[in-house]
Number of protein chains: 2
Amino acid sequence: MEKGEKKFLKEYDISKFERPSVTVDLVIFTVIDNELKVLLIKRGMPPFEGYWALPGGFIRIDESLREAARRELKEETGINPDEFYLEQLYTFGEPKRDPRTRVITVAHYALVDSKKIKPHVTGMEEIKAVQWHHAHDLPEKLAFDHKDIINYAITRLKYKLEYTAVGLELLSEFFTLTDLQKLYEEILNEKLDKRNFRKKIFSMDIIEATKQFKKGGHRPALLYKFKKAKPSISTFKKTKFEQH
Amino acid sequence: MEKGEKKFLKEYDISKFERPSVTVDLVIFTVIDNELKVLLIKRGMPPFEGYWALPGGFIRIDESLREAARRELKEETGINPDEFYLEQLYTFGEPKRDPRTRVITVAHYALVDSKKIKPHVTGMEEIKAVQWHHAHDLPEKLAFDHKDIINYAITRLKYKLEYTAVGLELLSEFFTLTDLQKLYEEILNEKLDKRNFRKKIFSMDIIEATKQFKKGGHRPALLYKFKKAKPSISTFKKTKFEQH
DNA sequence: ACAAAAGTGTTCCTAATACACCCATGA
DNA sequence: TCATGGGTGTATTAGGAACACTTTTGT
């Protein structure tokens, strides 16, 4: 009874509630020169003027969270949908995280192949307000709670890497096993044993050899590519944190 | 340049954006008679009148997401903070998930000891609009996208159970190993080998024996309790998905 | 003494780890 | 030919899975 009434009032008041703003923020990862990078934008106005911030924006009233994230991602990198990996990360909603007004942000993270990024994003970065920063060496001046968000994204990425083919989204179509190992080492921030790494990757059954070789250096390295069918995530464990 | 302007406009327009409502929904788990239960509320008005829905409510403008979830949880179960486990699950924001208006919900899940639930929530459930439902046998008539949310929560719970002490929040202070195994079997929905189960639990180092026994039945069973210090989650893997 | 649940030992097998070695190329 | 990175073999170990047995109580 009393509970019913409370419920009723609550619903009745829908329009009266002071509403927070809702944004989508993006942690966009790529790998450039074997370094894990995050895209950041220098803020040109207060609050946090001159600080670096994650790309993001308001959710439009008729688009889903994922659509909003895809739109943002497309705007910032020029990359087409289905050429990146995108996953919801966590929702950050401390009342004071934005000093202006109440903003709740649904953070996402994305993995993109640096070769597919629109030139205007990668070129002449020094003078631009949009820059790739080393994920393991972030600038001091990060706006809002974006440092937390980035670190959370890195944690998630490391975790996913262990039992998922997710890392492959960061590489180009053809790559050597050494490329792949370097990628893992960079993200996990630790050295891996060559033999064991290869065994693990092969056991995952996510890549296949081509007949091409990467010349240069010394002994040419066999090039691999992802299996056509996006790696079918098969085991019990693996399915656990698939995005909704 | 052009990017800067776009950004500027975006921020300038903050107040003009049509804002979605933001709610917190709760998947509250408990175990009653060795069955995993979820708390649901029968809706007394459209939309989905007569359907079952998760408890939830709007986020107040000055409280964090977690605070909102705690408040909701306290309202529904009467349980005090730090007597339950609470974790953000996922944010659901399809534009049409609520037919009335745009509502984004930050779903959480909670684990509570059924013995600590306020009597008014457990008593005389048949005639009440608040009921515990078997998590593995949900009612057909679930409102909104709440079936998805519940299933996602079950998936997360199963996953967490495998490498975390999270299940212990569902038990009372003292319990036997058989109680604990029954709990795991109910949540995971599978039979477990007694010997292996015990080895795994002991290796986690999360419980300790008392000197008490649970009499009744046949051979008395040794009672255990959680280690004083909440299980310090220690290994690499284990820290990965800790709540923010 | 026997049924029923509590509690323990041990084998088997897979998979991660830790090594050491061979191979193909460019300079 | 030798330095360099590409590529493979294998022994050891840790942990999960499968299974059989002993112990302690109530009746």
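The chains referred to below are lettered A, B, ... by the order of the sequence lines, with proteins before strands, and numbering in each begins at 1.
- Results of the side chain to side chain contact (heavy atoms under 4.5 Å, CB included) test with B:His108 over B:Asp25, B:Val27, B:Leu86 single out B:Leu86 as the only residue that passes.
- Between the CG atom of A:Leu180 and the P atom of D:dG5 there is a distance of 19 Å, given to the nearest Å.
- Atom P of nucleotide D:dG15 and atom CD of B:Glu162 are separated by 17 Å, given to the nearest angstrom.
- One atom, CD of A:Glu185, and another, P of D:dG5, lie 14 Å apart when rounded to the nearest Å.
- Here the side chains of B:Leu142 and B:Leu40 are in contact, with some heavy-atom distance below 4.5 Å.
- The CZ atom of B:Phe202 sits 21 Å away from the P atom of D:dA14 (whole-angstrom rounding).
- The CD-C1' distance, from B:Gln181 to C:dG7, rounds to 12 Å in whole Å.
- If you check every strand for non-hydrogen atoms under 4.0 Å, B:Thr176 touches nothing.
- To the nearest 0.5 angstrom, B:Tyr109 atom OH is 6.0 Å from B:Leu157 atom CG.
- Aromatic ring centroids of A:Phe29 and A:Phe84 lie 6.0 Å or more apart.
- Summarising the geometry, the separation between CD1 on A:Ile207 and P on D:dG7 is reported as 11 Å, rounded to the nearest angstrom.
- Of the candidates A:Lys191, A:Lys194, A:Lys158, A:Lys191 is the only one forming a salt bridge (charged side-chain N to carboxylate O under 4.0 Å, His left out) with A:Glu185.
- Rounded to a whole Å, the CG atom of A:Asp179 is 15 Å from the C1' atom of D:dG7.
- Counting any heavy atom pair closer than 4.0 Å across all strands shown, A:Leu222 reaches sugar-phosphate atoms only and no base atom.
- Rounding to whole angstrom units, CG of residue B:Leu188 and P of D:dA17 are separated by 12 Å.
- A:Lys115 and A:Ser172 form a side-chain donor-acceptor contact under 3.5 Å, judged by distance and modelled atom types alone.
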>> Strictly under 4.0 angstrom, non-hydrogen atoms only: write out the protein contact profile of nucleotides 15-27 of chain C, one letter per nucleotide from the 5' end, B, S or -.
In response: --BBB---BBBS-
